[in-house]
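Just so it is clear: chains get the letters A, B, ... in the order the sequence lines come, proteins before strands, and each one is counted from 1. Remember, predicted model here, so these are calculated numbers, not experimental data.
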Amino acid sequence: MQLDIAADVLNLAPMRRFIESAAAALGADAQATNDLIQAADEAATNIIVHGYQGQPGALQLEVTRAGDLLLLYLRDHSPAFDPCGFTLPDVTLPLHARRPGGLGIYLMRQFTDEMTYRLLPDGRNELRLAKRANFQTGV
Amino acid sequence: MEIKISQEQCRVPVSVVAPTGDLDRATYQQLLATAQSLYAQGTRHVLLDLSQVPYISSAGLMALHSMALMLEGQALPDAEDGWGAMQRMRESEAGPQEHVKLLNPQPKVSRVLQTSGLDAFFPTFTDRQAALASF
């Protein structure tokens, strides 16, 4: 299931509802779904705020399943950025030397089982967030 | 996001702030603006009723943290300095702050507060009277 949506913080709530209904259609359990939604919201927020920097842009979400994993792919055209390679800030650094957005990435890691990034051949970023889930129906 | 405000006279005056809806990047500034307005009117203690907030993201956590700093009279952190702000709270030896307390966070919100470690800094209550009496 796929959703193409404008990169706008006002679309975060519709995006969360899309993931919830797509995960329900796949039969994923609520806890895994909620965790994936949390991570996806943080990822999309970072893309909108830091990637597109408030400029118009597109976000593509795809929810699917692979084995016992509930998967979310998040694709965007903002400048290439790999949040998986993001090193959580050295807390001994002065505040002005730390990169922003770390709390969101910290939560993304905490709420997913796998987080991988790749640059697509068409130049888009693709972030893959995976959460182990119990599925009620075989898909 | 609708935000209801009521005033209670305890040992100190307490503003009860009750937002309705998700606290995310699209809405957190409304909560901050409410806190700024209350601070300008003299409020220094807030009971934040989270019973009608089904979801919170890191932006909402930042709003909670900024509210606490504001009511303590401290300078607000850089809006993007989420991790730094959280670390400062975690490293603080002062324990929980006393200016912003939480009432009835819902399970998903509690989970995010715990995961971020911020739960240790916000006294949390399930009973409104007990919460008010604690100020």
- [ ] Let me know if A/D8 has heavy atoms under 4.5 Å from chain B in its side chain, its backbone, both or neither.
- [x] neither

Open item on the list: As an exercise: rank A/E42, A/Q31, A/Q110 by heavy-atom pairs under 4.5 Å with chain B and give me the winner.
Closed with: A/E42

Open item on the list: Just to verify, what does A/S21 make a side chain to side chain contact (heavy atoms under 4.5 Å, CB included) with, not counting sequence neighbours?
Closed with: none

TODO: State whether B/Y55 and A/R16 meet the cation-pi test: NZ (Lys) or CZ (Arg) under 6.0 Å from the six-membered ring centroid, and within 45° of the perpendicular axis.
DONE: yes

Open item on the list: Between B/K101 and B/S134, is there a side-chain donor-acceptor contact under 3.5 Å, judged purely by atom types and distance?
Closed with: yes

TODO: Verify, without hydrogens or angle tests, whether A/Y52 (side chain) and A/A58 (backbone) share a donor-acceptor contact under 3.5 angstrom.
DONE: yes

Task: Under 4.5 Å from a heavy atom of chain B, the part of A/L10 involved - done: both

